[in-house]
Protein chains: 2
Amino acid sequence: MSVTQTERKLQITDTATTLFRQKGYAATSMRDLASAIGIEAASLYNHVRSKEELLHRICFGMAEAFFKARHQVESLHLAAPVKLRLAIEKHVEVITSHRDASAVFQHEWRHLSEPDLSVFISMRNEYEAYFSEIIRQGVAEGNFRATDEKLAVLSLLSSLNWLYDWYRPDGTLLPHEIAAHQAELFIYGINQTT
Amino acid sequence: MSVTQTERKLQITDTATTLFRQKGYAATSMRDLASAIGIEAASLYNHVRSKEELLHRICFGMAEAFFKARHQVESLHLAAPVKLRLAIEKHVEVITSHRDASAVFQHEWRHLSEPDLSVFISMRNEYEAYFSEIIRQGVAEGNFRATDEKLAVLSLLSSLNWLYDWYRPDGTLLPHEIAAHQAELFIYGINQTT
DNA sequence: TTGGCTAACTAACGATCGTTAGCAAAGATA
DNA sequence: TATCTTTGCTAACGATCGTTAGTTAGCCAA
């Protein structure tokens, strides 16, 4: 989200995010979107180039947020366990503060068309590699055991990414508590260690 | 999948599964489906009542497979750690042997209409409760530590359910090896225990 | 006061959607 | 051989899709 947007355009993007999450991108029509806002479908085109532009904005906006989080973590030089905890916390923060957008980010990106689609996928891979690197560092330090690294990373990210589905802002757990629980679970597992 | 189906109907369901996974339910047209098979769209209706029937068949077929797995596990009376490993193994087996259907099951169920939708959701909750119960049992036995049980279950299931996305039948890991790794990771975590 | 800009509207375009009607050919059954 | 069932076809229905054209009302700067 680099350029300033008018209030109306923000409202359109926000409403689109909600609808895309609820019904899916393909099943949400521009008329649905317009009537949720209270204008006619054609009026949307005074603010937005196309339906896909909305999807693009949502998906790449989230990608940007994740990369910003990553940069904050990588600019510090920490031991792997601490770095992992921080990475998890930042990731959870992004997701819990943009729940609908996270759902769209996870599920609807494949409706992007080329070349955006390829760009999106490679950004996703790069972000995944960032978690892989933390695990690898931890193994090298002797803090983590050497398991299948790819499997571990995908398990972790799956757990975190599913948050959009069950996190409730009015629930008992705060985002940073969830992050701490997740980190604890991923690092120490569920077994009784006494 | 209770009643016998003709070969053609099976082919339609299988092809629909692939397409729904690739493009999503809403974005897959009956004409897409027909031309992937090599017939006309109208001809599909000699075998299938509606597009939604296909989605219903896929979603509830998977639900049935998961419940069958659950029944196999629950009919044995095992200590929680062993039971959990078995439950994970069965779950992974279902997913890895029906990858496309798993993806559809995970993402497209919301396009079901009532009352099927409500039935589906409550089956899903019930299956989730089955994993919760295993964790609870393990805590009662003193084998698992008392964490947030819901969070633990959702983390585990998220990790397992994401499998459809990255599991490759021609990869290095066999399904039961993946299951073993997942169980190990969930129970003991990634920390170096020496 | 005038002229241009913004943001809404109505109307409609061509495409595509899920689905139905009606028909023809082939195979099974009597 | 005669009849019924199955499974495909062509044609088309009404609905809805994303989007464009053309217009209008209000607002702000000159």
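Within every chain, numbering begins at 1; the chains are lettered A, B, ... in the order of the sequence lines, protein sequences first and strands thereafter.
- Residue pairs satisfying the salt bridge (Lys or Arg N to Asp or Glu O under 4.0 Å) criterion with at least one member in residues 125-144 of chain B, sequence neighbours excluded, are listed as follows: B:R70-B:E126, B:E133-B:R136, B:R136-B:E149.
- Listed by first then second residue, pairs satisfying salt bridge (Lys or Arg N to Asp or Glu O under 4.0 Å) with a partner in residues 97-106 of chain B read B:R21-B:D100, not counting sequence neighbours.
- Ring-plane geometry between B:F105 and B:F66 is classed as tilted, the angle between the planes lying from 30 to 60 degrees on a 0 to 90 degree scale.
- Distance CG (A:L33) to P (C:dA8): 12 Å, rounded to an integer number of Å.
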Under-3.5 Å N/O pairs linking protein and nucleotides 3-6 of chain C:
none

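- Applying the salt bridge (Lys or Arg N to Asp or Glu O under 4.0 Å) definition to pairs two or more places apart or across chains, none involves residues 165-179 of chain B.
- Partners of A:Y130 by side chain to side chain donor-acceptor pair (under 3.5 Å), not counting sequence neighbours: none found.
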When you look at A:S155 and B:Q182, which way does the side-chain hydrogen bond (donor to acceptor under 3.5 Å, both in side chains) test go after all the steps?
-> CA-CA 8 Å; A:S155 285; B:Q182 290 276 12; 3.0 Å; yes
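- For residues 110-124 of chain B, the set of pairs meeting the side chain to side chain donor-acceptor pair (under 3.5 Å) definition, not counting sequence neighbours, comprises A:E108-B:R110, B:E52-B:S113, B:Q106-B:R124, B:E108-B:H111, B:E114-B:S118.
- For the OP1/OP2 pair of D:dT6 and a distance below 4.0 Å, the side-chain nitrogens and oxygens of B:H47 include no atom meeting the criterion.
- Residue pairs meeting the salt bridge (Lys or Arg N to Asp or Glu O under 4.0 Å) criterion with at least one partner in residues 33-49 of chain A, sequence neighbours excluded, are A:R49-A:E53.
- Taking 4.0 angstrom as the limit, A:R8 places a side-chain polar atom (N or O) nearer than this to OP1 or OP2 of C:dA8.
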What would the secondary structure line of DNA chain D be in dot-bracket form, counting Watson-Crick and G-U wobble pairs under 3.5 Å, with [ ] for pairs that cross earlier ones and | for pairs with another strand?
-> ||||||||||||||||||||||||||||||
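- If you take CD of B:Q11 and C1' of D:dG8, they are 13 Å apart, rounded to a whole angstrom.
- Taking atom CG of B:L44 as the reference point, atom P of D:dG8 lies 9 Å away to the nearest angstrom.
- Not counting sequence neighbours, the partners of B:Y164 by the side chain to side chain donor-acceptor pair (under 3.5 Å) test are B:H107.
- B:Y188 pairs by the ring-ring contact (aromatic ring centres under 6.0 Å, His included) definition with nothing, not counting sequence neighbours.
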Sugar-phosphate or base contact per nucleotide [nucleotides 12-24 of chain D; S, B, -; heavy atom under 4.0 Å] = B----BBBBB---
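- A:K150 is linked by a side chain to side chain donor-acceptor pair (under 3.5 Å) to nothing, counting only residues two or more places apart in sequence or in another chain.
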